[in-house]
Amino acid sequence: MSEPAPVSVEVNGDRHLLADDGGMLLTALRDELGLRGTRAGCGVGECGACTVHVDGRPTTSCDTPLAAVADRRVTTPEGLGTPDAPHAVQEAFLSLQAAQCGYCVNGVIMTVAALAAEGAEPDDAELAAALDAHLCRCGTHPRLLQDAQQALQAGGGEEGGADPTGGRAGG
C-alpha cells in the first residue's frame, strides 16, 4: 500500500502539504493542523458548524474532500482576526453575546464574514435565508440574526489573523 499523496493547500495564509488519504477537509484541519475553531457537527454538511471559506466562499468542510481544495485558499475561524484585532464580524458577535453554548457560532461567523466581504446588505428575510444552513441547538437564532445584522452594518470583509474568538469560545 502506498503513502497518501500530499495536497498543497493555503490555510490561513500559510501553505501546507497535507496527506490526502481520501478524507475530508475538516479532518485535515482539526487533526493535522490542530485548528479547533472549525467544529465537527453532523458530518454531512447539514448543520453548518464546520463552515470555512474556500477561496472566500462559505463551504462545509465535513463533506468537502481534501483533494477538492488542492491549490486553493482556505480560511478557518482562526484566520479571520486576532484576539487584539478581531474581524468586524467577530467583534459584533462578541459584543452582543448572542451565543448560548457557542458551538454553532464559528460557522455562522464564517458565513456572515463572507457576506460582509461581498458587501452584502441583506434584509432580515434574506439574512435568515443565508443562515438557514446553520443549526443552533440552543435556539438562539433570533439573537444570532441580530448579531449578524449588526456585523454586516459594521462592515469589514478582510481575512487574515489568528484566533477569531480571542480565546473566549473554546474549541
Side-chain angles (χ1 to χ4, degrees), residues 10-14 25-26 29-30 33-42 45-64 69 72-171:
E10 181 185 314
V11 179
N12 298 334
D14 295 323
L25 174 58
L26 174 65
L29 293 172
R30 290 182 61 84
L33 299 180
L35 298 170
R36 302 287 191 228
T38 304
R39 310 298 168 110
C42 66
E46 295 293 324
C47 75
C50 68
T51 301
V52 297
H53 294 173
V54 175
D55 296 333
R57 308 282 308 158
T59 305
T60 51
S61 61
C62 71
D63 61 350
T64 299
V69 297
R72 296 179 76 189
R73 183 176 45 92
V74 175
T75 305
T76 69
E78 293 89 348
L80 282 181
T82 67
D84 294 331
H87 185 281
V89 172
Q90 296 165 333
E91 187 64 39
F93 273 74
L94 288 169
S95 70
L96 289 178
Q97 293 291 308
Q100 188 164 319
C101 81
Y103 201 83
C104 68
V105 172
N106 285 349
V108 172
I109 286 172
M110 295 305 290
T111 297
V112 175
L115 290 170
E118 294 171 2
E121 295 181 12
D123 62 25
D124 289 344
E126 292 166 332
L127 183 58
L131 295 178
D132 189 52
H134 293 277
L135 175 63
C136 173
R137 294 179 192 266
C138 297
T140 61
H141 282 286
R143 289 174 26 211
L144 290 172
L145 287 168
Q146 179 184 6
D147 274 9
Q149 203 59 276
Q150 179 177 326
L152 289 170
Q153 290 168 2
E158 294 299 314
E159 294 181 356
D163 179 11
T165 64
R168 292 172 267 217

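This one's a predicted model, so the numbers in the text were calculated from it and none came from an experiment.
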Where [X] and [Y] come nearest, the two heavy atoms and their spacing:
X	Y	value
F93	A151	CE1-CB, 4.3 Å
C50	C62	SG-N, 3.2 Å
V89	A116	CG2-CB, 4.2 Å
N12	G79	OD1-CA, 3.3 Å
Q150	S95	NE2-OG, 3.3 Å
G37	P77	O-CG, 3.5 Å

How many angstroms lie between [atom1] in [X] and [atom2] in [Y], if you round to the nearest 0.5 Å?
X	Y	atom1	atom2	result
D147	I109	CG	CD1	8.5 Å
R36	L29	CZ	CG	10.5 Å
C101	R137	SG	CZ	9.5 Å
L26	L35	CG	CG	10.5 Å

task = Would you confirm whether S61, through its side chain, and L25, through its main-chain N or O, come within 3.5 Å as a donor-acceptor pair?
result = no
request  = Ignoring hydrogens and angles, tell me if any N or O in the side chain of R30 forms a donor-acceptor pair with the backbone of T38 under 3.5 Å.
outcome  = yes
message = Do T59 and M110 have side chains that approach each other closer than 4.5 Å (heavy atoms only, starting at C-beta)?
response = no
ask   = Less than 4.5 Å apart, any side-chain heavy atom of R57 and any of E118?
value = yes
Extract all donor-acceptor atom pairs below 3.5 Å that involve side chains of residues 122-134 and protein atoms in other chains or at least two apart in sequence.
| from | atom 1 | to | atom 2 | distance (Å) |
| --- | --- | --- | --- | --- |
| D123 | OD1 | A125 | N | 3.1 |
| D123 | OD1 | E126 | N | 2.7 |
| D124 | OD1 | Q149 | NE2 | 2.9 |
| E126 | OE1 | D123 | N | 2.9 |
| H134 | ND1 | G48 | O | 3.4 |
| H134 | NE2 | T111 | OG1 | 2.7 |

request  = Given side-chain contact (heavy atoms from CB on, under 4.5 Å), test R39 with N106 step by step and report yes or no.
outcome  = CA-CA 8 Å; R39 310 298 168 110; N106 285 349; 3.1 Å; yes
Side chains of residues 139-146: which donor-acceptor partners sit under 3.5 Å, not counting sequence neighbours?
| from | atom 1 | to | atom 2 | distance (Å) |
| --- | --- | --- | --- | --- |
| H141 | NE2 | C136 | N | 3.3 |
| R143 | NE | A98 | O | 3.4 |
| R143 | NH2 | Q97 | O | 3.3 |
| R143 | NH2 | A98 | O | 2.7 |

